[in-house]
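Everything on this sheet refers to the single structure shown next.
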Amino acid sequence: MIRNMNVLVLGAGNAGRPAARLLRHLGNEVLVNDIRRFEELPPKARKRIPEMEAEGIRFRLGGHSIQDILEADAVFISPNIPRDAHVHGLIREAEKEKDIIRITTSDIGRILNELIVIPMVGIAGTDGKTTTTNMIDFILSSEYRTVSFSSLQDSLVIEGLVDLVVKGEITRRDMAVFELPHGTIRMADGLELCSGVVTNLTPDHMDEFRDHNEYIERNFSIKDLIAPGGVLVLCGNDPVVRELSRGLEVEHVIYGIRGDDGGEFQVEASDIELMGLDGSRFTLKISGVPAASCSKGGDLEGHVSTEIRLRVPGIFNIENALAAITVALALGMDLEDVKKRIENFRGIRGRFEFIDEVDGVRVYMDAAHNPESMEKLLEGVETGGRLIISLDNPDTLTVRDKYRIGKILGEGADTVIVSGMNETTEELDMSAADEVARGAGEDKTIKTRSVHESILRALQMADEGDIILHIGPGVVNAYGKVREDVERAIDSFRNYTVVLGGCGNVGSLMARNLRARGNRVIVSDISDETPLEGVFRAEGIELDLGGHDPEVLRRAGTIAVTPSLENNRKIQGLLEGFEGEVIGVEDVLNLYPPEKPVIGITGTNGKTTTTGMLKSILRTAGMDVPEHHLRIQGNTELVPALQARLPGDVAVVEIGTFGRRGEIRNSALLSEVSTGVITNISRDHLSGGRSFQDYVECKREILEVADTLILNADDPVVASFADELPEDRTILYGIQSMESDNVIPEGRECPHCGNKLRYLKRYMGHLGDYRCLCGYRRPQPQVMAVEASPEGFKLVIGSRMREVKLPIPGIFNVYNALAAAAAACRMGLGIDEIVKGIESFSGVRGRFQEISKTPRVILDYAHNPAGVRAVMQTLGGMDGRLIVVNTVASESGIDGDREIASILSDADIVIPASYAARRASDMIKTETVNIESSRRRAGAGTLGASREQVIEAVKKALEIAGPDDTVLIIGEGGFRYAEEAFS
């Protein structure tokens with residue numbers, strides 16, 4: 001015995017911890033040293049360390065020290081520390097100065113063997129160890145006071161045995177039954193077993209071994225632990241085990257299922273009837289079992305036959321039962337008692353364990369985690385309906401053949417739902433899920449980020465009679481967490497959330513956020529259809545359309561009410577008597593903060609296209625960027641805040657305004673904007689007595705929220721905001737040089753003194769190189785375009801320059817691309833990634849969108865003077881005539897309508913589609929063609945034109961246009977209805 005020494009234990013893992021406890025129990029001073037820091041250790045080790053410190057064991061983590069070695073009398077080195085590790089060199093250096101006792105795993109085993117005087121049974125092999133261990137324990141516990149150690153008890157054998165010794169409980173037990181996994185069987189060297197089992201030896205954990213032979217040798221070393229007079233029990237159905245049994249000197253028994261090869265075993269099952277989830281029947285035949293030396297009975301001789309009815313399903317459980325029966329008989333138990341016990345065995349946790357039944361769908365869990373165990377699990381399992389398999393990441397610290405696993409599951413299940421979460425390391429690896437999906441087939445695989453999400457998806461697709469089976473290494477290594485995820489998903493499915501008014505803009509985003517956090521969500525709406533149906537279905541959101549089904553509401557656990565319905569009397573009546581929780585949009589916002597960078601884009605024009613371009617850049621760089629999928633413009637009120645909370649790596653939200661103070665500030669605050677982008681500021685939203693300065697102050701509000709501002713240096717008002725901020729909070733962008741001079745100018749006053757600015761160069765409207773007599777001038781941008789043209793430019797960021805070809809032409813798109821590039825630069829992306837993302841941009845609906853080629857028809861949402869000016873500048877100088885359909889009703893009232901009409905004088909023909917456009921048409925100095933329906937006020941607010949007016953105007957334009965002409969349709973009414981004229 002090693003006593004009263006200073007002992008250094010190297011390694012705080014599964015070998016080092018029990019060794020340290022045992023050595024401390026013997027009266028030694030023990031220091032545990034590990035190269036890993038505390039936070040780098042596995043969760044199980046972090047949990048055990050405080051308990052060990054309470055026993056007087058010291059820890060020094062984060063590196064090895066020769067001083068610690070020199071102060072030690074003896075050293076135990078974990079077998080998991082590589083032989084070429086630096087610490088081995090330190091030990092050799094220390095041994096030059098003093099004699100140091102080296103404590104081996106065999107020493108630990110022999111110490112335990114001396115202290116443990118009860119018979120021991122060990123179970124080794126690849127699959128079936130845990131079930132076989134617990135079957136043996138269940139049978140033996142009818143006659144013995146047993147103690148069992150397995151992954152089921154979350155206790156490794158050496159830790160469990162040491163615990164018995166340290167706590168003085170060994171005298172209260174008659175027999176120990178335990179698993180001997182490949183990782184800890186080395187620590188058992190020195191123990192003496194009265195009986196041992198080898199279940200099978202298929203390849204697993206191969207990244208830890210040179211080859212399969214080394215893995216076999218490690219596991220089959222259990223033969224060296226069998227005490228004199230002990231019995232080794234071997235599975236004859238495994239060809240490797242069967243071959244190893246030949247010439248084996250230790251007393252052994254071979255069990256197995258009788259097969260077509262005619263091979264006979266000493267203990268075998270025949271005449272098998274598999275009964276699906278209800279278990280199996282078979283005939284047990286025994287030709288002889290020798291008694292172990294610790295047995296209280298004698299050898300079982302002669303041929304014996306009896307019928308066995310197992311309650312646990314699967315062919316693999318017949319093999320496990322045969323092993324357990326053989327061990328019990330070798331230990332002297334009566335066959336009738338063994339038969340009674342094994343027939344009453346109802347399974348163990350994590351081994352085809354029944355969890356719950358939901359609406360006729362049964363949910364199970366099983367620890368199958370490698371290809372062989374999965375094949376055995378699926379063999380003979382029959383269901384009345386579909387089999388939906390949920391799988392956690394097959395990798396642990398061991399990397400497994402995920403493609404093969406996918407193939408096996410794809411052939412055996414109707415649907416495979418695989419999570420990328422490694423439940424052992426608690427790290428997300430979606431590439432593992434991708435590999436499983438390639439094996440199973442993308443068409444029958446669903447990929448998720450957690451077990452909770454997987455089970456929810458399974459429940460949503462399952463019908464009565466279907467089976468949901470969750471499998472994977474998480475059931476072994478993180479049983480409690482995985483089971484909690486499964487049960488939480490079941491609870492969420494039962495206690496679902498109904499979103500009243502969920503087809504609306506805000507309601508749809510409330511529903512999607514609730515669903516993204518694992519809730520079962522039903523959208524309930526009086527509308528009988530929604531353009532978001534595809535989005536809802538893809539994300540697993542259920543629909544209750546055409547009214548609010550009282551039964552759906554009654555069974556809900558939570559009802560979420562959209563802001564527009566909070567004071568609705570009918571809704572209040574529906575909620576009377578509801579006993580669950582009622583929440584609103586504020587609750588959703590508070591429950592789910594964005595927890596990601598949020599880029600907020602505001603300005604008068606270019607917001608939507610800049611947003612789309614930036615998303616294209618980020619996605620091309622591999623980032624996940626959430627979409628709201630709404631057919632709206634401006635993204636006012638709560639839409640940006642809810643969009644920012646959807647899952648993703650970074651959120652890009654468009655923040656508009658109705659011209660009211662506080663809107664942008666509140667929207668940016670609720671969205672938790674970290675980077676703000678201001679594209680430009682032109683005269684807009686000036687109705688109701690509001691001045692241009694009032695509108696400027698609205699846009700300025702984002703400065704109060706964002707940490708970093710991306711500002712247009714060519715816009716004198718926007719650029720002036722940089723004067724209020726430290727240099728490290730701003731990135732300026734602009735055009736440095738432009739090839740074309742086809743500019744429709746717009747004047748602007750100096751934001752400092754109010755005098756009219758002088759422009760050295762104009763690039764678009766009021767954007768260009770300006771200066772004032774007071775000294776205010778255009779600042780130098782950090783992100784700029786040189787040699788800009790409607791087709792492209794050279795992008796310059798610092799010392800780097802790249803050519804950019806615009807997928808959608810226009811100087812306004814040069815500015816949009818620069819704004820997106822500056823924001824992407826702020827996110828840390830390189831210039832090549834930025835250029836690739838810009839050139840991959842396919843455009844957004846209603847932004848210089850070509851909807852016909854002959855004649856060419858362009859649809860653009862331009863709805864204010866600056867926007868119309870930009871589009872007209874892009875189309876200037878084109879071949880053929882330019883025919884404009886004007887559906888605008890300006891947010892600046894009659895003054896805005898008249899300014900737009902004046903800009904349209906550069907067209908060849910103008911067709912006023914809205915009443916507002918017709919009223920202002922006296923400002924047009926070119927040919928005007930009126931339509932009959934524009935005499936009436938029709939569109940409400942800025943919508944301007946009705947469906948009837950837009951379709952009549954577009955059809956009139958197509959009648960007039962020749963094949964070489966261009967038809968431009970502008971305004972919100974055109975954006976909504978123009979495409980219907982072509983259907």
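Computed from heavy atoms alone, side chains included, the values below leave out hydrogens, waters and symmetry copies.
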Q | Thr202 and Asp238: CA distance, side-chain angles, deciding distance, side chain to side chain contact (heavy atoms under 4.5 Å, CB included) verdict | A | CA-CA 8 Å; Thr202 56; Asp238 186 290; 4.1 Å; yes
Q: Given salt bridge (charged side-chain N to carboxylate O under 4.0 Å, His left out), test Asp392 with Lys481 step by step and report yes or no.
A: CA-CA 12 Å; Asp392 56 63; Lys481 178 181 178 299; over 6 Å; no
Q.
Set out, in order, the CA-CA distance, both residues' side-chain angles and the distance that settles side chain to side chain contact (heavy atoms under 4.5 Å, CB included) for Tyr215 and Thr126, then state yes or no.
A. CA-CA 10 Å; Tyr215 174 76; Thr126 306; 2.9 Å; yes
(Q) Please determine whether salt bridge (charged side-chain N to carboxylate O under 4.0 Å, His left out) holds for the pair Asp163 and Arg21, giving the CA-CA distance in whole Å, both sets of side-chain angles, and the decisive distance to 0.1 Å. (A) CA-CA 8 Å; Asp163 206 48; Arg21 293 188 69 206; 3.0 Å; yes
Q: For the pair Glu411 and Glu375, evaluate side chain to side chain contact (heavy atoms under 4.5 Å, CB included) and give the outcome as yes or no after the intermediate values.
A: CA-CA 10 Å; Glu411 292 169 2; Glu375 283 180 321; over 6 Å; no
Q: Apply salt bridge (charged side-chain N to carboxylate O under 4.0 Å, His left out) to the pair Arg488 and Asp485, showing each step before the final yes or no.
A: CA-CA 5 Å; Arg488 191 161 51 89; Asp485 276 358; 3.1 Å; yes
Q: Could you go through the side chain to side chain contact (heavy atoms under 4.5 Å, CB included) check for Ile123 and Val327 one step at a time?
A: CA-CA 10 Å; Ile123 297 89; Val327 168; over 6 Å; no
Q.
Between Arg404 and Glu372, is the salt bridge (charged side-chain N to carboxylate O under 4.0 Å, His left out) condition met? List the steps.
A. CA-CA 10 Å; Arg404 184 182 169 200; Glu372 291 73 23; 2.9 Å; yes
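Around atom CZ of Arg46, more than 12 heavy atoms belonging to other residues, nucleotides or ligands sit under 6.0 Å away. Remark: Lys444 NZ is packed, more than 12 non-hydrogen atoms of other residues, nucleotides or ligands lying under 6.0 Å away. A 6.0 Å sphere centred on CD of Glu39 holds more than 12 heavy atoms belonging to other residues, nucleotides or ligands. Other residues, nucleotides and ligands contribute over 12 non-hydrogen atoms within 6.0 Å of the CZ atom of Arg36. Under a cut-off of 6.0 angstrom, the local environment of CD in Glu217 is sparse, with at most 12 non-hydrogen atoms contributed by other residues, nucleotides or ligands.
Of all non-hydrogen atoms in Ile455 and Val486, the two that sit nearest each other are CG1-CG2, 4.0 Å. Across every non-hydrogen atom of Ile405 and Pro371, the tightest pair is CG1-CG, 3.8 Å. Of all non-hydrogen atoms in Ile355 and Met365, the two that sit nearest each other are CD1-SD, 3.7 Å. When every heavy atom of Leu646 is checked against every heavy atom of Pro626, the shortest pair comes out as CB-CB, 3.6 Å. Residue Asp34 comes nearest to Ala12 through the heavy atom pair OD2-N, 2.7 Å, listed as atom of the first residue, atom of the second, then distance. Residue Ser492 comes nearest to His452 through the heavy atom pair OG-NE2, 3.7 Å, listed as atom of the first residue, atom of the second, then distance.
Annotation: cation-pi geometry not satisfied between Arg438 and Tyr403 (NZ/CZ under 6.0 angstrom from ring centroid, within 45° of ring axis). Under a cutoff of 6.0 Å and an axis angle of 45°, Arg341 and Phe138 form a cation-pi pair.
With 3.5 Å as the limit, one finds a donor-acceptor pair spanning the side chains of Ser454 and Thr448. In summary, the side chains of Asp137 and Ser148 do not present any donor paired with an acceptor at a separation below 3.5 Å, with no hydrogens or angles considered.
Residue Asp356 forms a salt bridge (Lys or Arg N to Asp or Glu O under 4.0 Å) with just one option from Arg494, Arg483, Arg362, and that option is Arg494. Of the candidates Val418, Ile417, Val416, Ile417 is the only one forming a side-chain contact (heavy atoms from CB on, under 4.5 Å) with Ile446.
In this structure a side-chain-to-backbone donor-acceptor pair under 3.5 Å is missing from Glu427 to Asn422. Of the possible donor and acceptor atoms, one in the side chain of Asn393 sits under 3.5 Å from a partner among the backbone N and O of Asp395. Between the Asn519 side chain and the Val521 main chain, no donor and acceptor come within less than 3.5 Å of each other. Side chain of Arg515 to backbone of Gly540: a donor-acceptor contact under 3.5 angstrom is found. With hydrogens and angles ignored, the 3.5 Å screen pairs a side-chain donor or acceptor of Thr199 with a backbone N or O of Asp127. For the pair Asp466 (side chain) and Asp463 (backbone), a donor-acceptor distance under 3.5 Å is present.
Taking the side chain as every heavy atom from C-beta outward, Phe352 and Thr131 never approach each other to under 4.5 Å. Residues His470 and Ile468 have side chains not in contact (no heavy-atom distance under 4.5 Å, counting atoms from C-beta outward). Looking at heavy atoms from C-beta onward, Met275 lies in side-chain contact with Arg309 at the 4.5 angstrom threshold. Within the 4.5 Å cutoff, no side-chain heavy atoms of Asp414 are placed close to those of Ile388.
Under the side chain to side chain contact (heavy atoms under 4.5 Å, CB included) criterion, Asp443 pairs with no residue at all, not counting sequence neighbours.
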